Number of protein chains: 2
Amino acid sequence: MLDVRRLYLLRELDRRGTIAAVAEALTFTASAVSQQLSVLEREAGVALLERSGRRVILTPAGRSLVAHADAVLERLELAVAELASAREGIGGSLRIGTFPSGGHTIVPAALAELAQRHPALEPMVQEIDSARVSDGLRAGELDVALVHDYDFVPASPDTTVDEVPLLEEPMYLATNTATKTTSRGNTLAELLGPYAEAPWITAREGTTGHAMAVRACQAAGFQPRIHHQVNDFRTALGLAAIGQGAGFVPEMATAHPPAGVVLTKLPLFRRSRVAFRAGGGTHPAIAAFVAAARAAVG
Amino acid sequence: MLDVRRLYLLRELDRRGTIAAVAEALTFTASAVSQQLSVLEREAGVALLERSGRRVILTPAGRSLVAHADAVLERLELAVAELASAREGIGGSLRIGTFPSGGHTIVPAALAELAQRHPALEPMVQEIDSARVSDGLRAGELDVALVHDYDFVPASPDTTVDEVPLLEEPMYLATNTATKTTSRGNTLAELLGPYAEAPWITAREGTTGHAMAVRACQAAGFQPRIHHQVNDFRTALGLAAIGQGAGFVPEMATAHPPAGVVLTKLPLFRRSRVAFRAGGGTHPAIAAFVAAARAAVG
DNA sequence: ATCGAGCATAAGTTCAGCTTAGGTATCTCG
DNA sequence: CGAGATACCTAAGCTGAACTTATGCTCGAT
């Protein structure tokens with residue numbers, strides 16, 4: 001019988017790219033991971049890895065084995081969820097990951113609801129970059145996470161993670177009274193066009209928020225001149241208010257804008273979702289969090 | 001992560017009924033099995049077993065966990081099959097189980113075919129009672145097996161075993177020239193009725209062949225007086241030939257009947273199939289055996 | 001009553017799987 | 001182009017999980 005722990009290592013290698021990264025994530029030494037993968041390969045009787053420069057890559061056989069590993073681990077997750085729901089009551093710790101603006105808004109409301117309904121549950125919140133959520137879930141560092149994506153920046157599909165939609169909110173263009181121009185229409189190009197030469201305020205490079213801003217401007221026909229890179233939407237609004245440029249903010253951040261800001265609703269959306277390990281959706285603590293998060297967004 | 005080896009033990013306990021039987025089948029001590037199941041139960045956080053007299057039975061939670069174990073192990077079997085097909089060539093040992101009359105006829109023909117096509121494959125044949133085939137497959141003592149069932153004796157469905165049909169053959173009533181009566185019809189009752197008071201030759205008590213004979217006679221309206229219990233159809237034909245009674249034989253055994261035997265085709269069928277572990281159907285050696293067996297039965 | 005079957009627990013043993021240590025090949029950068 | 005960093009592998013030693021052995025307890029059959 002194939003050892004599922006070794007299949008798990010193979011899967012992590014596929015996702016993380018190097019043995020060293022797998023070892024680091026699972027707090028082993030690289031040697032241990034290498035040895036276990038060697039054993040797996042010997043048992044398989046087929047080459048699963050091959051060296052490529054100083055790293056290793058999976059052979060086709062290795063990749064198809066990862067697909068089986070995904071299926072097996074998903075089913076095990078389902079079994080764990082069922083056992084958890086068989087235990088009476090919801091309790092224990094629940095590790096929650098969230099993107100920063102989710103932390104401000106959805107999370108406190110959801111946690112208040114959750115604490116009231118399930119006092120034995122100990123939520124542990126942790127801000128995390130959306131791109132690292134999948135790794136965190138697989139490694140067991142997180143049980144559930146709030147994630148989002150934008151138009152123009154589709155999330156890459158990931159079979160190891162299940163997601164339930166939470167919220168779809170329009171993005172707003174934040175400018176100020178001085179720079180505001182009367183728009184001639186309400187397509188994205190018409191709304192953004194007047195700011196083709198303006199300085200822009202975006203999220204930090206490498207984030208999906210940044211990519212969304214760039215691609216939205218490109219779709220409107222220009223390359224934005226980015227002056228400010230801040231992840232905090234309140235800061236972005238503050239900069240826009242004092243005429244430092246134009247920026248994108250989600251509806252969630254528009255509740256109490258600073259004086260002088262002008263907000264224009266855009267035909268551009270951000271979708272927030274709750275993510276968890278594939279098969280984990282029936283886990284009572286996760287299901288309770290999902291329910292609380294949905295209640296929190298109304 | 002749940003340990004799949006422990007889930008495997010739980011599944012075997014569900015199938016075999018006692019910890020001692022599981023231990024015996026897997027060549028462990030009962031103590032080892034008991035300890036591992038205790039650990040599984042502790043990890044699960046739910047009662048999986050409860051004592052019932054001097055044995056243990058699975059709780060509902062335990063049984064539902066077994067269902068997950070079935071799914072996981074089936075997927076692992078699929079992975080193993082795929083790895084085997086990725087290895088170039090078909091070789092290694094293939095453990096074949098067969099019921100006795102299959103051993104006479106189908107198996108030699110199939111093995112000749114198999115040896116010609118795949119000389120590196122080492123078939124290992126073993127006669128085995130059909131009732132024990134499922135256990136043997138799960139325990140890895142067998143890779144593939146010829147099994148059969150009869151009308152009136154349906155095989156109990158088993159999710160851990162996949163089967164492909166091989167042959168459906170009519171059963172024959174074997175009598176001799178002296179005792180033969182002219183039948184007035186061709187329903188089972190009409191054909192068997194004249195022998196209601198005759199002595200009968202059946203397979204040994206506890207086999208499906210025995211159960212079939214009894215139930216067929218009951219369906220024809222009488223309780224057979226069983227004088228001889230032999231599993232070997234040649235022997236049964238020999239007894240019938242010398243006027244020792246009436247018996248049932250499958251078409252497969254009617255090729256060269258002894259002198260004096262009268263064979264009457266009955267509206268009663270025996271179905272032969274090839275069985276293997278669920279998920280194992282794509283294993284190249286198993287697929288090759290299935291193909292050879294189908295070729296052998298024409 | 002007695003005995004065997006079945007399971008659990010305690011204690012001792014063994015080996016799979018880990019770390020440490022050291023070596024090789026590859027990539028990067030001054 | 002040489003030095004250092006990175007990534008992996010192998011050898012050797014160590015540790016704990018999982019096994020066996022030994023023992024006791026309970027239940028059911030004779």
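Just so it is clear, the structure is predicted and the values come from calculations on it, not from any experiment. We name chains A, B, ... by the order of the sequence lines, and we start the count at 1 in each one.
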Protein-nucleotide distance ([X], atom [atom1]; [N], atom [atom2]), rounded to Å:
| X | N | atom1 | atom2 | result |
| --- | --- | --- | --- | --- |
| B:I19 | C:dA8 | CD1 | C1' | 9 Å |
| B:E43 | D:dA18 | CD | C1' | 13 Å |
| B:L48 | C:dC7 | CG | C1' | 16 Å |
| B:R42 | D:dA18 | CZ | P | 10 Å |
| B:E24 | C:dA5 | CD | C1' | 14 Å |

task: Compare side-chain N and O positions of A:S34 against OP1 and OP2 of D:dC8 and report whether any pair is under 4.0 Å apart.
output: no
message: Run the side-chain contact (heavy atoms from CB on, under 4.5 Å) test against B:S31 and tell me which residues pass, sequence neighbours left out.
response: B:T29, B:Q35
task: Check whether any side-chain heavy atom of A:L58 sits under 4.5 Å from a side-chain heavy atom of A:L10, and report yes or no.
output: yes
field: Where at least one partner belongs to residues 206-216 of chain B, residue pairs that pass side-chain hydrogen bond (donor to acceptor under 3.5 Å, both in side chains), sequence neighbours excluded
entry: B:T202-B:H210
- prompt: Which pairs count as side-chain hydrogen bond (donor to acceptor under 3.5 Å, both in side chains) when at least one residue sits in residues 58-68 of chain A, sequence neighbours excluded?
  reply: A:S64-B:E82, A:H68-B:R75, A:H68-B:E82
task: State which residues pass salt bridge (Lys or Arg N to Asp or Glu O under 4.0 Å) with A:R16; sequence neighbours excluded, sorted by chain then number.
output: A:E12, A:D135
message: Holding to salt bridge (Lys or Arg N to Asp or Glu O under 4.0 Å), I want the full list of residues that pass it with B:E141, two or more places apart in sequence or in another chain.
response: none
field: Letter per nucleotide, 5' to 3', of nucleotides 15-30 of chain C [B base touched, S only sugar-phosphate touched, - untouched; heavy atoms, 4.0 Å]
entry: --SBBB-----BB---
